[in-house]
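Okay, structure first, notes after.
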Amino acid sequence: MKHEAETADRSVLTHSTRWVIKVGTSLLTDFGAGLRREVVESLVHQICRLLDEGMQVVLVSSGSIGEGMRRLGWERRPDKVHRVQAAAAIGQIGLVHSYEAAFSQHGVHSAQILLTHADLASRERYLNARHTIRELLGLKVVPIVNENDAVVNEEIRFGDNDTLAALAANLIEAECLILLTDQLGLFDSNPRHSDRARLIRYGKADDASLLDLAGEAGAHGRGGMVTKVLAAEKASRSGSCTVIASGQEEDVLLRLRAGEEMGTLLSPGRGRIAARKQWLAGQLRSNGRLVLDNGAVNVLRKAGKSLLPVGVTAVEGDFTRGEIVTCVDSQGLEIARGLVNYNSDETRKIIGQPSRSIEQILGYSGESELIHRDNIAVTA
């Protein structure tokens with residue numbers, strides 16, 4: 001029965017029309033020795049074959065920092081943020097040029113899209129990015145997306161491009177997210193340390209036990225299996241399945257497209273959520289936290305209703321009306337994210353109280369909900 005389920009789920013790879021493909025630093029830069037042109041050319045060749053089938057592809061590519069290190073003659077990734085940013089700025093030119101040259105050999109146009117998480121945190125900029133990328137796809141152009149490492153610092157951290165790829169999948173509502181790495185997929189133990197490690201062929205993106213099986217990042221990459229499993233969970237919010245597979249396997253993309261059982265397939269564990277709530281759930285930062293009682297937790301998880309002040313027991317942080325806050329249970333586990341109707345000072349005054357008391361407490365009549373159900377996304 002399990003094998004039949006796996007086979008059925010892999011059929012999405014053969015029938016889907018829109019993929020986000022993420023390729024990691026360890027594949028592209030030969031462990032810090034600069035770009036591997038043969039890998040770029042092979043990847044581009046496969047993507048062009050997919051385009052010939054009528055597919056649309058967004059490529060999320062790491063490698064700018066590794067290429068910049070090669071050009072600067074650095075053997076080890078620097079510790080200082082500004083030196084990393086300098087390497088990214090230098091390397092991005094070589095990275096994009098390599099892709100452009102390879103795609104042009106096939107008569108295909110490519111486009112550079114540099115994003116930060118701030119771009120996706122703004123609803124207006126999020127929609128602008130969505131419209132631009134979808135327009136490029138309609139023109140049969142391959143958008144090449146990367147983190148804008150040269151102008152941010154807090155985003156240069158563990159696993160950003162895995163997260164960025166998942167958010168890109170949400171952004172364009174891709175059916176599949178393909179994470180190419182230097183491992184065959186997700187194993188039940190570390191294959192570098194154990195000969196008995198077994199490849200996990202299939203799983204659910206919301207299976208929390210998978211995080212226990214994930215390892216750490218490599219010396220030159222920022223990600224690891226942890227960020228890939230978390231990315232799969234994020235991508236599943238828009239209904240995307242995720243495949244974690246080895247980019248070192250010959251024609252891996254074409255073989256996945258043909259339905260070959262390669263890598264680890266993580267299917268969406270929950271149903272697709274509305275586009276606005278995908279955006280809310282995908283926010284990496286919030287401006288404060290609301291601690292909920294058990295009744296409010298159950299209402300949000302099971303009934304999908306608004307959050308009322310009476311269900312909140314504590315407020316953490318400072319925020320203004322309309323900002324994103326995180327809702328957690330009494331143990332600190334994140335339950336949801338949403339746009340709050342009151343600032344932090346007002347919220348502290350009305351928590352634990354029935355909605356009919358808001359006007360008396362604050363001196364004016366506001367919203368009866370602390371967060372309206374249309375502005376809240378359940379995340380756990």
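Counting from 1, the numbers follow the sequence of the chain as shown. Only a predicted model underlies this, so the values are computations on that prediction, with no experimental measurement involved.
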Taking atom CZ of Arg71 as the centre, does the number of heavy atoms from other residues, nucleotides or ligands within less than 6.0 Å exceed 12?
yes
Gap separating the CD atom of Gln360 from the CD1 atom of Ile358, nearest 0.5 angstrom:
11.5 Å
Do Lys22 and Ser62 come within less than 4.5 Å of each other through their side chains, counting heavy atoms only?
yes
How about Glu38: does its CD atom have over 12 heavy atoms from other parts shown lying under 6.0 Å from it?
yes
Looking at Val44, is its backbone amide N or carbonyl O close enough to the side chain of Tyr99 to form a donor-acceptor pair, meaning the two atoms are under 3.5 Å apart?
no
Mind running side chain to side chain contact (heavy atoms under 4.5 Å, CB included) on Lys204 and Tyr202 for me, showing each step along the way?
CA-CA 7 Å; Lys204 290 290 186 180; Tyr202 173 79; 3.4 Å; yes
With side chains defined as the heavy atoms from C-beta onward, is the minimum distance between Leu307 and Val340 less than 4.5 Å?
no
State whether the side chain of Thr313 and the backbone N or O of Val291 hold a donor-acceptor pair below 3.5 Å, judged by distance alone.
yes
Determine the minimum heavy-atom distance between Ala245 and Val252, stating which atoms define it.
CB-CG2, 4.2 Å
Hey, could you give me the SG/CD1 distance between Cys241 and Ile178, rounded to the nearest 0.5 Å?
6.0 Å
Give me the atom names and distance for the closest heavy-atom approach of Ala168 to Val60.
CB-CG2, 4.4 Å
Is there a side-chain contact between Leu292 and Val312 (heavy atoms, below 4.5 Å)?
yes
Please report the C-alpha distance between Leu256 and Arg10 in whole Å, then the side-chain angles of each, then the deciding distance to 0.1 Å, and finally whether the side chain to side chain contact (heavy atoms under 4.5 Å, CB included) criterion is met.
CA-CA 8 Å; Leu256 286 171; Arg10 284 186 179 269; 4.2 Å; yes
Salt bridge check, Arg70 against Glu67: does any charged N sit closer than 4.0 Å to a carboxylate O?
yes
If we ignore angles and hydrogens, is there a donor and acceptor under 3.5 Å between the side chains of Gln46 and Ser42?
yes
In terms of heavy-atom contacts, does CD of Glu250 have more than 12 from other residues, nucleotides or ligands at under 6.0 Å?
no
Criterion side chain to side chain contact (heavy atoms under 4.5 Å, CB included) on Leu13 and Trp19, from CA distance to verdict:
CA-CA 9 Å; Leu13 296 168; Trp19 285 9; 4.1 Å; yes
Show your working on side chain to side chain contact (heavy atoms under 4.5 Å, CB included) between Asp182 and Gln248 and close with a plain yes or no.
CA-CA 6 Å; Asp182 58 357; Gln248 297 172 340; 3.9 Å; yes
Is it the case that the side chain of Arg130 and the backbone of Leu171 share a donor-acceptor pair, with hydrogens and angles ignored and the cut-off at 3.5 Å?
yes
Side-chain contact test, heavy atoms from C-beta onward, threshold under 4.5 Å: evaluate it for Glu367 versus His372 and give yes or no.
no
Ignoring hydrogens and angles, state whether a donor on the side chain of Gln92 or Gln112 is under 3.5 Å from an acceptor on the partner side chain.
yes
Give a yes or no answer on whether the side chain of Thr242 reaches the backbone of Leu266 with a donor-acceptor pair at less than 3.5 Å.
no
Is the shortest distance from a Lys or Arg side-chain nitrogen in Glu173 or Arg18 to a carboxylate oxygen in the other one below 4.0 Å?
no
Test side chain to side chain contact (heavy atoms under 4.5 Å, CB included), reference Val297, set Leu333, Val378, Ile335, output is Ile335
Distance-only, no hydrogens or angles: does the Gln353 side chain make a donor-acceptor pair with backbone N or O of Ile350 under 3.5 Å?
no
Report yes if some heavy atom in the side chain of Arg257 is under 4.5 Å from a heavy atom in the side chain of Ser16; otherwise report no.
yes
Do Lys228 and Leu186 come within less than 4.5 Å of each other through their side chains, counting heavy atoms only?
no
Check: Glu369 main-chain N/O paired with Asn341 side-chain donor or acceptor under 3.5 Å:
yes
Decide yes or no for Leu50 and Leu254: does some side-chain heavy atom of the first lie under 4.5 Å from some side-chain heavy atom of the second?
yes
Would you check if Asp162 and Leu230 make a side-chain contact, meaning some heavy-atom pair closer than 4.5 Å?
no
Report yes or no: does Glu249 contribute a side-chain atom to a donor-acceptor pair with the main-chain N or O of Ser246 at less than 3.5 Å?
no
Identify the heavy atoms of Thr29 and Gly66 that sit nearest to each other, and give their distance.
CG2-CA, 4.0 Å
Residues, nucleotides or ligands: over 12 heavy atoms within 6.0 Å of Asp79 CG:
no
Heavy atoms of other groups near His106 NE2, more than 12 under 6.0 Å
yes
Counting only N and O atoms by type, is there a donor-acceptor contact under 3.5 Å from the side chain of Ser238 to the main-chain atoms of Ala235?
yes
Minimum heavy-atom distance between Ser61 and Leu95, given as atom pair plus value
OG-CD1, 3.8 Å
Tell me whether His97 contacts the main-chain N or O of Ile93 through its side chain, where contact means a donor paired with an acceptor under 3.5 Å.
no
Test item: Ser240 side-chain N/O and Ala174 main-chain N/O as donor-acceptor pair under 3.5 Å:
yes
With a 6.0 Å cut-off (strictly less than), is the heavy-atom count around CD of Glu135, excluding the residue itself, greater than 12?
no
